[in-house]
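Whatever order the structure lists ligands and atoms in, that order sets their numbers, starting from 1. Just so we're clear, the structure is a prediction, and the values are computed from it rather than from any experiment.
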Amino acid sequence: MLTLIHAPRSRSTRMLWLLEELGVPYELKIVDIQRGDGRGARDADNPHPYGRVPALLNDGKLVFESVAIMLYLTDTFPKAGLGPAVGDADRGDYLSWLAFYTGGVEPAFAAGFLKMDVPPGAAAWPKQAEAMTLIEDRLKDRPFLLGERFSALDVLYGSTFNFFTMIGALQAPDWLAAYVKRCIDRPAFARAQAKDNG
Ligand SMILES: N[C@@H](CCC(=O)N[C@@H](CS)C(=O)NCC(=O)O)C(=O)O
């Protein structure tokens with residue numbers, strides 16, 4: 001049995017969305033976390049190694065880090081078609097865009113939001129504008145990051161840009177707003193929203 005370690009309105013909400021897309025049985029374990037505004041605290045019941053969410057337990061085995069959980073789930077449930085399997089021509093693209101999220105998008109946007117002036121060559125991540133250009137180029141002639149097929153990548157990127165827009169951290173250009181709408185305009189997203197509070 002899968003158990004998602006979850007805190008409402010956090011990075012684990014997108015795992016809830018992915019699980020709903022996969023259509024597999026799972027349980028939710030709601031935990032407290034330390035929020036950006038100081039509310040909440042690390043939860044002793046959270047098995048995540050540094051007290052965060054998401055984490056996933058599969059029959060007691062722990063997986064943590066959003067991208068690892070996504071890859072784990074799409075590999076474990078290949079029939080859902082939400083992540084190209086080993087041998088699929090799109091596998092390399094899938095892995096690249098998963099890794100780029102953690103290694104590029106998150107640090108680039110965090111640095112941008114915190115107005116950190118990172119000197120050129122001093123960090124391994126791109127600048128926020130470079131990351132945006134890469135994503136814009138990729139979506140120029142594709143509805144989703146892998147082309148016509150919706151995948152776990154669109155759960156990851158769609159939820160992130162939806163969140164940034166909702167909290168007012170990003171004024172999404174038209175192409176990005178249209179992409180986010182395509183991603184979240186799905187029954188599984190609505191189901192996940194309805195279950196977010198447990
Ligand atoms: N890179 C991690 C980040 C996880 C993360 O920072 N989650 C936040 C919620 S959105 C959290 O648990 N924060 C609690 C804390 O900072 O202690 C992932 O994507 O899984």
Side-chain angles (χ1 to χ4, degrees), residues 2-22 26-58 60-77 82-83 94-114 116 118 123-126 128 131-132 134-135 145 151-170 172 180 183-184 188-189 192-198:
L2 296 169
T3 305
L4 177 67
I5 314 301
H6 172 63
R9 293 171 303 286
S10 76
R11 284 175 175 83
S12 56
T13 301
R14 59 198 181 191
M15 296 308 147
L16 197 50
W17 178 9
L18 180 58
L19 285 161
E20 288 294 325
E21 292 281 356
L22 290 166
Y26 63 92
E27 288 170 351
L28 272 187
K29 180 182 167 81
I30 308 271
V31 294
D32 194 15
I33 53 166
Q34 170 99 64
R35 302 277 177 172
D37 60 6
R39 282 176 304 128
R42 183 172 178 164
D43 194 323
D45 270 351
N46 183 355
H48 187 288
Y50 53 104
R52 300 205 174 187
V53 294
L56 183 80
L57 289 169
N58 188 3
K61 288 276 191 190
L62 177 70
V63 188
F64 66 98
E65 284 296 326
S66 298
V67 163
I69 296 171
M70 289 194 146
L71 188 56
Y72 180 85
L73 285 173
T74 55
D75 280 357
T76 303
F77 302 103
L82 287 166
Y94 185 50
L95 297 182
S96 301
W97 284 92
L98 281 176
F100 180 63
Y101 176 81
T102 302
V105 173
E106 282 240 0
F109 276 85
F113 294 156
L114 296 171
M116 279 166 58
V118 184
W125 61 77
Q128 189 176 315
M132 282 293 260
L134 200 67
I135 298 165
L145 285 166
S151 75
L153 290 176
D154 305 301
V155 172
L156 188 59
Y157 285 74
S159 59
T160 299
F161 289 115
N162 184 43
F163 178 71
F164 288 166
T165 307
M166 270 171 34
I167 63 169
L170 183 74
V180 168
C183 293
I184 66 175
F189 176 81
Q193 293 297 303
K195 291 182 181 175
D196 195 39
N197 286 324

Colleague: Would you say that L73 contacts L2 through its side chain, given a criterion of any heavy-atom pair below 4.5 Å between the two side chains?
Modeller: yes
Colleague: For residues 63-72, dump all side-chain donor-acceptor pairs below 3.5 Å to protein atoms at least two apart in sequence or in another chain.
Modeller:
from	atom 1	to	atom 2	distance (Å)
E65	OE2	Y50	OH	2.5
S66	OG	R14	NH2	2.9
Y72	OH	N58	ND2	2.8

Colleague: Can you list every pair that meets side chain to side chain donor-acceptor pair (under 3.5 Å) and has a residue in residues 38-48, with sequence neighbours left out?
Modeller: D37-R39
Colleague: Do the side chain of H6 and the main chain of D196 share a donor and acceptor less than 3.5 angstrom apart?
Modeller: yes
Colleague: Using a strict cut-off of under 4.0 Å between a residue heavy atom and any atom of ligand 1, list the qualifying protein residues by chain and number.
Modeller: S10, R11, R14, I33, Q34, R52, V53, P54, E65, S66
Colleague: Residues in side-chain contact (heavy atoms from CB on, under 4.5 Å) with P47, at least two apart?
Modeller: I5, L57, L62
Colleague: When the ring centroid of F109 is compared with that of F161, is the distance short of 6.0 Å?
Modeller: yes
